[in-house]
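Each remark here refers to the structure printed beneath this line.
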Amino acid sequence: MQKRENKDIEEATQRVKERMPLEKIRRIPKYRDITPEGYERLMKDAETVALLILKAFFSKK
């Protein structure tokens, strides 16, 4: 089950990268000088935030 969840997350992250490639991100003034490493970090951070929001939304507390 965990492997399938990880694969789903990886696929979702890849879809985001296709929709928002580095060149498109660089058009945003705040990210004009972002490096490829910074872009990867930005994508990973966005993934983490999205997962935390989903976890809070679906928590059974």
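What's counted below: heavy atoms across the whole structure, side chains too, no hydrogens, waters or symmetry copies. What you see is a predicted model; the values in this text were computed from it and never measured.
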Check your understanding: If you group Ile, Leu, Val, Met, Phe, Trp and Tyr by side-chain heavy-atom gaps below 4.5 Å, do Met43 and Tyr31 land in one group?
Key -> yes
Review point. When rounded to the nearest 0.5 angstrom, what distance separates CD in Glu10 from CD in Glu47?
Key: 8.0 Å
Practice item. Check the pair Arg27, Glu23 against salt bridge (Lys or Arg N to Asp or Glu O under 4.0 Å), reporting the backbone distance first and the verdict last. Key: CA-CA 7 Å; Arg27 291 185 204 150; Glu23 297 78 27; over 6 Å; no
**Study point:** same_hphob_cluster(Ile28, Leu42) at 4.5 Å side-chain heavy-atom cutoff
**Key:** yes
Exercise for review: Look at the side chain of Arg26 and the backbone N and O of Ile34, then say whether any donor-acceptor pair between them is shorter than 3.5 Å.
Suggested key: yes
Check your understanding: Got Leu51 and Lys55 here, is their nearest side-chain heavy-atom distance under 4.5 Å?
Key -> no
Practice item. Check whether any side-chain heavy atom of Glu40 lies under 4.5 Å from a side-chain heavy atom of Lys17, and answer yes or no. Key: yes
Review point. Is it the case that more than 12 heavy atoms not belonging to Lys44 sit under 6.0 Å from its NZ atom?
Key: no
Review point. Within a radius of less than 6.0 Å around CZ of Arg41, do more than 12 heavy atoms belonging to other residues, nucleotides or ligands occur?
Key: no
Review point. Measuring from Lys24:NZ to Leu22:CG, what's the distance to the nearest 0.5 Å?
Key: 13.0 Å
